[in-house]
Amino acid sequence: MKEPEMVAGHAAAYFRNEFTPQKTIKNAQAYICGLGYYEWYINGKKVGDHVLDPAPSNYDKQAYYVNYDVTKELTSGKNAIGIVVGNSFYGQDICWRRNKVPGIYSSYGQPSVRLLIKVTYDDGSQANFYTDETWKESTGPIVFNNVYGGDTYDARFEIPNWNTTNYDDAQWGKVKVISPEVNKISAQQFPPVRKLKELEPQKVFQGTDGNWVVDFGQNIAGWVKINVKGEKGQLIEIITTEA
């Protein structure tokens, strides 16, 4: 068996900004393109019910954006926008090397995101709010993430209320504005991935090696929800497998 090879992955990036509409909003349409999986929030609440957006693509050829109607999510006062961006297939650097040169993996680069919110006011005038150099950036509790290697979530780096207007981001850094080599950005037109239901464990037992096994009774695509108590820095490892 070969020794494991260490890789330097990108931790999930947390982006935030605030804006205040100048008039009464009639309609607001958001268009977001992530080079990497993303979830985004308005005033602390997740926008939409999609997961694993956007769909993967050959990023050197094209990427996808998703349109959301956010008229009801925006308020007449100050609004906080927060976005978390992970590696997805864009920044993953463990599997699927594009060539055999040592140290060169399939990563297209550092994950990034672009957001545009087009607002139409009651009087017919319009305004655009978008990602630019005024946004703030930080890392957070998702210190490692990879579509093949899973996630490492370190609760010691939690950022309470980071996506709300009450949060003080004075210690956050300035974003880096980049120009990825993506030739085409298209609307994502096929059905999104969504959570369909929650499954209860069918069996819970301890194996001969001392590890606990949770059997959901069927193969699924999803994630595990747990409630735990432990000491600071304690490691809890969840390994998914199929029978």
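Heavy-atom basis, side chains included; hydrogens, waters and symmetry copies ignored. Quick caveat: nothing in here was measured; it's all calculated off a predicted structure.
- Taking the side chain as every heavy atom from C-beta outward, I32 and V113 approach each other to under 4.5 Å.
- Between the side chain of T165 and the main chain of A80, no donor-acceptor pair closer than 3.5 Å is present.
- A12 and V84 make their closest contact through CB-CG1, 4.2 Å (heavy atoms, listed as atom of the first residue, atom of the second, distance).
- Residues S125 and K23 approach most closely at OG-NZ, 3.1 Å, considering heavy atoms.
- When all heavy atoms are compared, the tightest approach of D122 to K26 is OD1-CB, 3.3 Å.
- N146 contributes a side-chain N or O that, together with a main-chain N or O of Y148, makes up a donor-acceptor pair within less than 3.5 Å.
- Residues Y41 and Y14 place their aromatic rings such that the two centres sit no closer than 6.0 Å.
- No side-chain N or O of E18 forms a donor-acceptor pair with one of N79 less than 3.5 Å apart.
- With no hydrogens or angles considered, a side-chain donor-acceptor pair links N211 and D209 at under 3.5 Å.
- Contact of the L199 side chain with the Q218 side chain is registered, since non-hydrogen atoms from C-beta on lie closer than 4.5 Å.
- The closest donor-acceptor contact from the side chain of Y108 to the backbone of P180 lies at 3.5 Å or more, if one exists at all.
- Hydrophobic clustering (side-chain heavy atoms under 4.5 Å, transitive across Ile, Leu, Val, Met, Phe, Trp, Tyr) keeps Y38 apart from V147.
- Tracing side-chain contacts under 4.5 Å through hydrophobic residues (I, L, V, M, F, W, Y), one never reaches V51 starting from V47; they form parts of separate clusters.
- Criterion: ILVMFWY side-chain heavy atoms under 4.5 Å apart, direct or through other members. Under it, W40 and F19 are part of a common hydrophobic cluster.
- Using a 4.5 Å cut-off between side-chain heavy atoms of Ile, Leu, Val, Met, Phe, Trp and Tyr, with links allowed through other members, I238 and Y153 fall into different hydrophobic clusters.
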Go through the steps for V182 and D60 under the test side chain to side chain contact (heavy atoms under 4.5 Å, CB included), then give the verdict.
-> CA-CA 5 Å; V182 178; D60 52 349; over 6 Å; no

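- Rounding to the nearest 0.5 angstrom, the gap separating the CG atom in N163 from the CG atom in D169 is 12.0 Å.
- Panel note: side chain Q188, backbone A55; a donor-acceptor pair is recorded below 3.5 Å.
- Side-chain N or O atoms of Q92 include none that pairs as donor or acceptor with a backbone N or O of Y90 at under 3.5 Å.
- Between I178 and Q110, the shortest heavy-atom contact is CD1-O, 4.3 Å.
- Here the closest non-hydrogen pair linking A11 and T139 is CB-CG2, 4.4 Å.
- A donor-acceptor contact shorter than 3.5 Å links the side chain of N87 to the backbone of N145.
- Here CG of N161 is found 10.0 Å from CD of E158. Values are rounded to the nearest 0.5 Å.
- Interatomic distance, CG of L196 versus CZ of R194, reported as 9.5 Å (0.5 Å rounding).
- Looking only at side-chain heavy atoms (C-beta outward), W212 and V204 come within less than 4.5 Å of each other.
- In terms of heavy-atom proximity, P54 sits nearest to G34 at CG-O, 3.1 Å.
- Ring pair H50/Y68: centre-to-centre distance below 6.0 Å.
- Counting only distance, with no hydrogens or angles, the side chain of T131 and the backbone of R114 share no donor-acceptor pair below 3.5 Å.
- Residues Q62 and N183 bring no donor and acceptor atom of their side chains to less than 3.5 Å of each other.
- Panel note: side chain T71, backbone A28; a donor-acceptor pair is recorded below 3.5 Å.
- By the 4.0 Å N-to-carboxylate-O rule, K195 lies too far from D49 to be salt-bridged with it.
- Between N128 and Q126, the side chains place no donor N or O within less than 3.5 Å of an acceptor N or O (distance only, hydrogens not considered).
- Remark: E133 CD to N17 CG distance equals 10.0 Å, nearest 0.5 Å.
- Within a 6.0 Å sphere centred on CD of Q206, heavy atoms belonging to other residues, nucleotides or ligands number more than 12.
- R16 contributes no side-chain N or O that, together with a main-chain N or O of E137, makes up a donor-acceptor pair within less than 3.5 Å.
- The closest side-chain heavy-atom distance from F129 to V119 is below 4.5 Å.
- If you take NZ on K72 and CG on L74, they are separated by 13.0 Å, rounding to the nearest 0.5 Å.
- Summarising the geometry, atom NZ belonging to K118 is positioned 11.0 Å from atom CG belonging to N27; distances are rounded to the nearest 0.5 Å.
- The shortest side-chain heavy-atom distance between K45 and E73 does not fall under the 4.5 Å cut-off.
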Could you walk me through whether L115 and W135 pass the side chain to side chain contact (heavy atoms under 4.5 Å, CB included) test, one step at a time?
-> CA-CA 11 Å; L115 169 69; W135 284 58; 4.1 Å; yes

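- In this structure, N67 contributes its side chain and A30 its backbone to a donor-acceptor pair below 3.5 Å.
- Counting only N and O atoms by type, the side chains of D132 and T134 include a donor and acceptor under 3.5 Å apart.
- Between the side chains of W172 and Y167, at least one donor-acceptor pair of N or O atoms lies under 3.5 Å.
- A heavy-atom distance below 4.5 Å is found between the side chains of Y59 and L35.
- Residues I42 and I81 are in side-chain contact: their nearest non-hydrogen atoms beyond the backbone lie under 4.5 Å apart.
- W162 and V175 sit in two unconnected hydrophobic clusters of ILVMFWY residues. Membership requires side-chain heavy atoms under 4.5 Å apart, directly or through other members.
- Between Y64 and S57 there is a side-chain heavy-atom pair separated by less than 4.5 Å.
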Are V143 and F157 close enough, and set up right, to give a side chain to side chain contact (heavy atoms under 4.5 Å, CB included), and what steps lead you there?
-> CA-CA 9 Å; V143 296; F157 300 115; 4.0 Å; yes

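- Residue-environment remark: OH (Y121) exceeds the threshold of 12 foreign heavy atoms within 6.0 Å.
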